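Worksheet: the structure to be examined is printed underneath.
Residue numbers count from 1 along this sequence. All ligand and atom numbering here is 1-based and tracks the order in the structure. Predicted model only: the values in this text are computed from it and were never measured.
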Amino acid sequence: ISPAQHDQTLFEERHLRYIHPLGKGNFGSVELCRYDPLGDNTGELVAVKKLQPNKQSTLEDFKKEVKTLSILHCDYIVKYRGVCYSTGRLSMSLVMEYLPNGSLIGYMENNRHNVTPRRMLLFASQICKGMEYLQTLRYVHRDLAARNILVASESLVKIADFGLTKVIPCDKEYYRVTQPGESPIFWYAPESINESRFSHKSDVWSFGVVLHELFCYCDTNSNPKRLCMQEIGHNVQSPSISMQLANILKNNWRLPAPPNCQPKVYNLMKQCWVYNFEERPCFSDLGNQIETIMQDERESPKG
Ligand SMILES: CCCn1cc(-c2nc(Nc3ccc(C(=O)NC)cc3)nc3[nH]ccc23)cn1
């Protein structure tokens with residue numbers, strides 16, 4: 001029979017049965033579906049991201065996201081399964097492995113009482129490894145945030161949503177964005193806010209913010225946007241919020257230490273938030289420091 005029928009990455013729309021929504025990513029929403037070609041409910045569950053074309057996102061952007069995910073092979077990055085072309089090929093959907101435990105935010109909120117600092121450090125080291133892998137391919141994620149981390153199991157998290165991911169050109173060490181859409185500025189490094197400049201070092205800044213979210217149990221009352229807006233004050237008119245954010249960062253304000261956070265861990269965050277991107281650690285440094293702190297934790301387990 002034709003090779004297309006053996007192509008495991010091609011999902012036929014007629015066999016893809018919608019179950020319920022899973023969440024919202026960049027450029028589109030993600031839904032739980034069962035791919036059930038036999039029609040007997042024995043098919044597997046998959047997460048399907050449908051493109052929602054709006055002013056920011058185009059089919060071109062989405063195709064780039066699909067292409068990006070399709071070449072990433074890493075335990076700490078959500079797995080690509082394939083694509084589903086809708087009838088008439090007017091649009092397409094991205095098919096991914098379904099992670100039953102959902103987003104890190106929901107998981108931390110629901111499991112607050114049995115997630116230890118050690119487990120948070122394990123999750124942090126996995127995100128670090130995923131980012132190290134991305135860096136080897138010259139990708140900058142540009143939207144590293146707890147909302148884009150998924151929980152595969154109680155001891156494994158994965159980076160998801162590569163909608164804003166870009167490849168750094170080989171003659172430069174950064175990527176300059178032209179039209180910053182709805183930017184997650186509270187996760188952005190100063191150079192990203194001020195010059196739309198993105199690099200592995202700006203991803204490191206965002207990683208520091210993810211560490212902060214983790215050690216705040218992803219509590220909405222201490223989420224980065226709320227804490228920054230409290231510091232800025234709510235005169236949202238002049239000058240723009242991103243200008244005010246850039247100002248307080250320039251004046252050395254940073255997200256405060258999460259309650260009961262070990263000094264060594266807050267120190268890690270502060271390293272990620274050094275103003276000059278050249279002085280920030282790289283992901284492999286961060287990974288080593290996290291492993292060391294985890295060792296110390298193991299030697300002297302807290303009561
Ligand atoms: C990252 C931002 C975009 N996004 C991706 C997903 C996603 N979710 C899930 N599983 C999931 C999600 C939610 C819940 C839940 O219980 N919610 C209350 C349970 C399971 N598996 C996925 N595989 C690939 C993407 C993806 C959701 N949003």
Distances for all N or O pairs of ligand 1 and the protein under 3.5 Å?
from: ligand 1; atom 1: 10 (N); to: Leu99; atom 2: O; distance (Å): 2.7
from: ligand 1; atom 1: 21 (N); to: Leu99; atom 2: N; distance (Å): 3.1
from: ligand 1; atom 1: 23 (N); to: Glu97; atom 2: O; distance (Å): 2.7

What residues, two or more places apart in sequence or in another chain, satisfy ring pair (Phe, Tyr, Trp, His ring centres under 6.0 Å) together with Phe283?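 Partners of Phe283 under the ring pair (Phe, Tyr, Trp, His ring centres under 6.0 Å) test: Phe207.
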
Should we count CG of Asn260 as having more than 12 external heavy atoms under 6.0 Å?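 No, the 6.0 Å shell around CG holds no more than 12 heavy atoms from other groups.
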
Between Asn267 and Gln271, a side-chain donor and acceptor under 3.5 Å: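 On atom types as modelled, these side chains qualify, holding a pair under 3.5 Å.
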
Sub-3.5 Å donor-acceptor pair from the side chain of Ser93 to the main-chain atoms of Val48, do we have one?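 A pair under 3.5 Å: no.
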
Mutual orientation of the aromatic rings belonging to Trp273 and Trp205 [parallel < 30°, tilted 30-60°, perpendicular > 60°]: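 Ring orientation, 0 to 90° scale: tilted.
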
Anything under 30° is parallel, anything over 60° is perpendicular, the rest tilted; go ahead and classify Tyr188 against Phe198.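 Perpendicular: the ring planes of Tyr188 and Phe198 meet at over 60°.
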
